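Working notes for the structure below.
FYI, side chains are in, hydrogens and waters are out, and symmetry mates aren't considered; it's all heavy atoms of this structure. In what follows, chains carry the letters A, B, and so on, assigned in the order in which the sequence lines appear, proteins first and then strands, with residues in each chain numbered from 1. Bear in mind that the values here come from a model prediction, so they are computed numbers and not experimental data.
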Number of protein chains: 2
Amino acid sequence: MGSSPARKRGPPGTSALPEEPTQARRFGKARSAQSAALLEDYAELIADLLANAGEARPTDIARRLGVAHATAVKAIARLKREGLATARPYRGVFLTDAGQRLAERVRARHRLVVDVLRALGVPAEAAEQDAEGIEHHVSDATLAAFARFLAER
Amino acid sequence: MGSSPARKRGPPGTSALPEEPTQARRFGKARSAQSAALLEDYAELIADLLANAGEARPTDIARRLGVAHATAVKAIARLKREGLATARPYRGVFLTDAGQRLAERVRARHRLVVDVLRALGVPAEAAEQDAEGIEHHVSDATLAAFARFLAER
DNA sequence: CTGAAAGTGTAGCCGTGGCTACACTTCCGG
DNA sequence: CCGGAAGTGTAGCCACGGCTACACTTTCAG
Ligand SMILES: [Mn+2]
Ligand SMILES: [Mn+2]
Ligand SMILES: [Mn+2]
Ligand SMILES: [Mn+2]
């Protein structure tokens with residue numbers, strides 16, 4: 001292995017396009033951002049329910065997310081496993097300190113993304129819709145640029 | 001069912017916040033955008049390999065995506081199932097007409113997202129990184145707004 | 001021309017995130 | 001105060017997208 005290539009390959013260092021490891025790293029980060037997205041949405045939603053309704057019940061969470069209650073329950077179990085939430089049987093779901101911090105960060109990001117989209121001329125409903133997905137793929141550097149843009153425009 | 005609510009519920013039409021069905025619809029759309037994301041990335045990448053290397057082999061695709069070749073093969077099987085690609089055993093992967101159209105749309109979106117991020121002051125590598133995820137959540141309305149913004153600025 | 005390296009295909013494992021079905025608990029309305 | 005509706009928990013199904021392992025095919029260096 002490594003002594004006789006099976007097929008042609010351009011001389012190393014000749015490609016002017018994105019190199020393989022770079023692109024692979026980007027895709028990998030996008031994949032992990034995706035896996036965090038679900039937890040982020042749950043944390044944000046649970047915080048919202050706790051603040052606006054006083055409690056967060058699995059069925060309420062499920063209804064807001066548009067999934068079956070059993071689906072929400074399994075996601076809540078994952079939140080608990082990751083130390084973001086706790087729950088008392090038949091008494092609702094609560095956020096740990098880590099969960100609350102996550103929820104706050106997520107809410108701030110969500111609002112900032114919506115504001116930038118609106119500032120760029122995106123119609124209100126499209127901005128809300130797209131932000132729900134985009135918010136999970138915005139790095140701190142991009143977030144900072146967004147804030148600067150809104151301040152300076 | 002429907003004649004005796006088990007728990008308190010605010011009077012209908014009183015909530016000033018996003019109504020439940022609206023939010024559920026947004027989350028649902030975000031979920032389906034997510035499931036399309038993988039196909040979009042594969043289509044874009046395969047088109048790129050076909051154009052720049054003359055052929056798209058499972059191992060090349062896998063290396064560029066940073067996954068095992070067996071993972072790429074299974075995704076390619078899904079592309080075939082959905083009518084986006086074809087493959088000849090041991091001879092590489094090809095795009096159907098539908099696959100090529102998808103790849104072109106995806107590439108255009110990808111570039112537009114990167115350009116907007118750059119225009120907003122996001123550093124180059126962060127823009128490339130974030131675009132890889134954001135691109136799958138940009139609606140036509142948002143895309144149009146992005147194009148207008150770049151033209152008018 | 002041939003043998004070994006690289007590439008390819010396939011099987012099977014796991015975790016996630018959807019779902020339905022069903023039993024158990026809570027909580028009101030009468 | 002009690003019976004039924006709503007809510008809750010749990011089990012089990014499926015598709016997807018990762019992975020490793022292993023057998024088979026192709027290709028090229030010698
Ligand atoms: Mn979201
Ligand atoms: Mn959000
Ligand atoms: Mn992408
Ligand atoms: Mn892309």
Walk along nucleotides 11-16 of chain D from 5' to 3' and tag each nucleotide B, S or - by protein heavy-atom contact under 4.0 Å, base first, then sugar-phosphate. B----S
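- Residue pairs meeting the salt bridge (charged side-chain N to carboxylate O under 4.0 Å, His left out) criterion with at least one partner in residues 99-119 of chain B, sequence neighbours excluded, are B:Glu40-B:Arg109.
- Looking at B:Arg91 and B:Glu55, no side-chain N of the basic residue comes within less than 4.0 Å of a carboxylate O on the acidic one, giving no salt bridge.
- Sequence neighbours left out, the pairs with a member in residues 130-153 of chain A that pass ring-ring contact (aromatic ring centres under 6.0 Å, His included) are A:His137-B:His137.
- Follow the hydrophobic side-chain contacts under 4.5 Å out from B:Val122 and you reach B:Val138 in the same cluster.
- The separation between B:Lys80 atom NZ and C:dT8 atom C1' is 12 Å, rounded to whole Å.
- For C:dT8, the OP1/OP2 oxygens have a side-chain nitrogen or oxygen of B:Arg57 closer than 4.0 Å.
- Ranking D:dC19, C:dG7, D:dG9 by closeness to the B:Ala68 side chain, first place goes to D:dC19.
- Between the CG atom of B:Asp60 and the C1' atom of C:dT8 there is a distance of 12 Å, given to the nearest Å.
- Residue B:Val67 is in sugar-phosphate contact alone, with no base atom involved, counting any heavy-atom pair closer than 4.0 Å across all strands shown.
- Partners of B:Glu82 by salt bridge (Lys or Arg N to Asp or Glu O under 4.0 Å), not counting sequence neighbours, listed by chain and number: B:Arg78.
- Rounded to whole Å, atom C1' of D:dG9 lies 7 Å from atom NE2 of A:His69.
- In this structure, B:Asp60 pairs ionically with B:Arg63, as a charged nitrogen and a carboxylate oxygen lie closer than 4.0 Å.
- In this structure, B:Ile76 atom CD1 and C:dG9 atom C1' are separated by 11 Å, rounded to whole Å.
- A donor-acceptor contact closer than 3.5 angstrom links the side chains of A:Gln23 and B:Arg64.
- Near DNA chain D, meaning a heavy atom under 4.0 Å away, the residues from residues 86-96 of chain B are B:Tyr90, B:Arg91.
- In this entry the distance linking CD1 of B:Ile61 with P of D:dG18 reads 13 Å, nearest Å.
- Put simply, NE2 on A:His136 is 12 Å from P on C:dG17, counting in whole angstrom units.
- Legend: ring-ring contact (aromatic ring centres under 6.0 Å, His included) pairs involving residues 89-126 of chain A, not counting sequence neighbours: none detected.
- Side-chain contact of A:Ser32 with A:Ser35: a donor-acceptor pair under 3.5 Å is absent, judged by distance alone.
- Residue A:Thr71 has no polar side-chain atom (N or O) positioned under 4.0 Å from OP1 or OP2 of C:dG17.
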